[in-house]
K.L.:
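Below: one structure in C-alpha cells.
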Amino acid sequence: MPLDQIGETLASFYDSLVAEGVPEHLAALVRRVRQAEPEPEAVGGDGAGPSRAPQDRIALVVEDDPEQRALAEALLEETELEVIGCASAEAALRLLQDRGGEVALVFADVRLAGAMDGLQLAHAVATLWPRARLVLTSGHGLERPDLPREAVFIPKPWRPRDVLAEAQRAAGDPPPPVV
C-alpha cells in the first residue's frame, strides 16, 4: 500500500489511533482538520498554485509570516524539490492528506496562526507521515522544543546553508523506515 494511502487511512480512523496509543489531543486535531471546510492555503513559489516537479518530491514550508515563508520558498526552490507553502498547520495537514507520500521535507515555524502550532504539526507528521524529514524553526529563544526525536531544530535567524543541507538530506537520503 502506498505511503500516502496509509496516511489517509490513519487520518480517517483517528478513533482507532487513540485506542492504539496515539494521544487523544492529536487525534482530535486530525479530526478538526478533516472536518474543516476551506481548501488548503497552499501556493507554489510563484504564487500561481502548486506546480509538479518531475520527481514529485515536495518541500512543504509552513510559516504564517508571508515574508519569512517567501524567503524559505525562494531558498528551497534552489533544490530539486517542488516547493509548496502553507500559512497554517491546518493547511499543511490538508495538503499532507492529499500528497503526504510525496512530501520529503516539512520546514515549519514553531509558532503558527491557527488552532495548531508547529510542534503539534511535527508530532502529527511524525506519526502519520514518518518518512517526511522534519525541520522546525523559531526565533523565540527556544533551545530545542519538545520535538519528535527524528526532527531537526534550526533557530532563527537560520542560515541558508543549514536549510539547504536539510533539504539535500531530504531529497537524497533514503527516508527513515516505517516501523
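FYI, the numbering just counts along the sequence from 1. Computed from a predicted structure; not experimentally measured.
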K.L.:
Distance check, rounded to the nearest 0.5 Å: Arg131 atom CZ versus Glu102 atom CD?
P.N.:
14.5 Å

K.L.:
Please list, chain by chain and in numerical order, all residues satisfying salt bridge (charged side-chain N to carboxylate O under 4.0 Å, His left out) with Asp65, sequence neighbours excluded.
P.N.:
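Asp65: no salt bridge (charged side-chain N to carboxylate O under 4.0 Å, His left out) contacts found.
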
K.L.:
After noting the C-alpha distance and the side-chain angles of Leu75 and Leu164, does the key distance pass the side chain to side chain contact (heavy atoms under 4.5 Å, CB included) rule?
P.N.:
CA-CA 8 Å; Leu75 177 64; Leu164 288 172; 3.7 Å; yes

K.L.:
Where do Arg57 and Ala170 come nearest, in terms of heavy atoms and distance?
P.N.:
NH2-O, 2.7 Å

K.L.:
Under the side-chain contact (heavy atoms from CB on, under 4.5 Å) test, which residues partner Leu71, sequence neighbours left out?
P.N.:
Trp158

K.L.:
Determine the minimum heavy-atom distance between Ala122 and Pro148, stating which atoms define it.
P.N.:
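Here Ala122 and Pro148 meet closest at O-CG, 3.6 Å.
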
K.L.:
Under the side chain to side chain contact (heavy atoms under 4.5 Å, CB included) criterion, do Val135 and Val106 qualify, and how do the steps go?
P.N.:
CA-CA 6 Å; Val135 179; Val106 175; over 6 Å; no

K.L.:
For residues 57-78, which residue pairs qualify under ring pair (Phe, Tyr, Trp, His ring centres under 6.0 Å), counting only residues two or more places apart or in two chains?
P.N.:
none

K.L.:
Which atom pair, heavy atoms only, marks the closest approach of Ala115 to Gln120?
P.N.:
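Between these two residues, the closest heavy atoms are O-OE1, 3.7 Å.
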
K.L.:
Would you give the length of the straight line joining atom CZ of Phe153 to atom CG of Leu119, rounded to the nearest 0.5 angstrom?
P.N.:
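Answer rounded to 0.5 Å: 9.0 Å.
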
K.L.:
Check Leu81 against Ala167 and note the closest heavy-atom contact, atom names and distance.
P.N.:
CD1-O, 3.9 Å

K.L.:
What I'd like to find out is whether the side chain of Leu76 reaches to under 4.5 Å of the side chain of Val61, using heavy atoms alone.
P.N.:
yes

K.L.:
Answer whether the closest heavy-atom distance between the side chains of Glu82 and Arg99 falls below 4.5 Å.
P.N.:
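Answer yes - side chains close enough.
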
K.L.:
Please examine the side chains of Phe107 and Val163, heavy atoms only from C-beta on, and report whether any two atoms are closer than 4.5 Å.
P.N.:
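In contact.
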
K.L.:
Just to verify, what does Glu166 make a side-chain hydrogen bond (donor to acceptor under 3.5 Å, both in side chains) with, not counting sequence neighbours?
P.N.:
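For Glu166, the residues satisfying side-chain hydrogen bond (donor to acceptor under 3.5 Å, both in side chains) (neighbours in sequence not counted) are Arg133, Arg169.
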
K.L.:
Can you find a pair of side-chain heavy atoms, one from Leu105 and one from Leu60, that are under 4.5 Å apart?
P.N.:
no

K.L.:
Between Asp109 (side chain only) and Leu112 (backbone N and O only), is there a donor and an acceptor less than 3.5 Å apart?
P.N.:
no

K.L.:
Do Glu63 and Arg111 sit within salt-bridge range, that is, some charged N less than 4.0 Å from a carboxylate O?
P.N.:
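Looking at Arg111 together with Glu63, the answer is no, because their closest N to O distance does not fall below 4.0 Å.
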
K.L.:
Once rounded to the nearest 0.5 Å, what's the spacing between atom CG of Leu128 and atom CG of Leu96?
P.N.:
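That separation rounds to 9.0 Å.
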
K.L.:
So do the side chains of Trp129 and Leu93 get within less than 4.5 Å of each other, counting heavy atoms only?
P.N.:
yes

K.L.:
Do Leu136 and Val152 have side chains that get closer than 4.5 Å, going by heavy atoms?
P.N.:
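They are not in contact (no side-chain heavy atoms under 4.5 Å apart), so the answer is no.
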
K.L.:
Residues in side-chain contact (heavy atoms from CB on, under 4.5 Å) with Arg161, at least two apart?
P.N.:
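With sequence neighbours excluded, Arg161 shows a side-chain contact (heavy atoms from CB on, under 4.5 Å) to Arg159, given in chain and number order.
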
K.L.:
Quick one: does any side-chain atom of His123 pair with a main-chain N or O of Asp146 as donor and acceptor, under 3.5 Å?
P.N.:
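Pair found, side chain donor or acceptor close to backbone of Asp146.
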
K.L.:
Quick one: which residue pairs count as a ring pair (Phe, Tyr, Trp, His ring centres under 6.0 Å) with a foot in residues 63-86, not counting sequence neighbours?
P.N.:
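As it turns out, there is no ring pair (Phe, Tyr, Trp, His ring centres under 6.0 Å) pair with a partner in residues 63-86 once direct neighbours are skipped.
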
K.L.:
If you round to the nearest 0.5 Å, how far is OG of Ser138 from CG of Asp117?
P.N.:
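Spacing of CG (Asp117) from OG (Ser138) equals 10.0 Å.
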
K.L.:
How far apart are the closest heavy atoms of Thr137 and Ile154, and which atoms are they?
P.N.:
OG1-O, 2.6 Å

K.L.:
Please report the closest heavy-atom contact between Ala126 and Glu150, naming both atoms and the distance.
P.N.:
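Taking every non-hydrogen atom into account, CB-OE1, 3.8 Å.
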
K.L.:
Check whether Ser88 reaches the backbone of Gly114 with its side chain - one donor and one acceptor, N or O, closer than 3.5 Å.
P.N.:
no

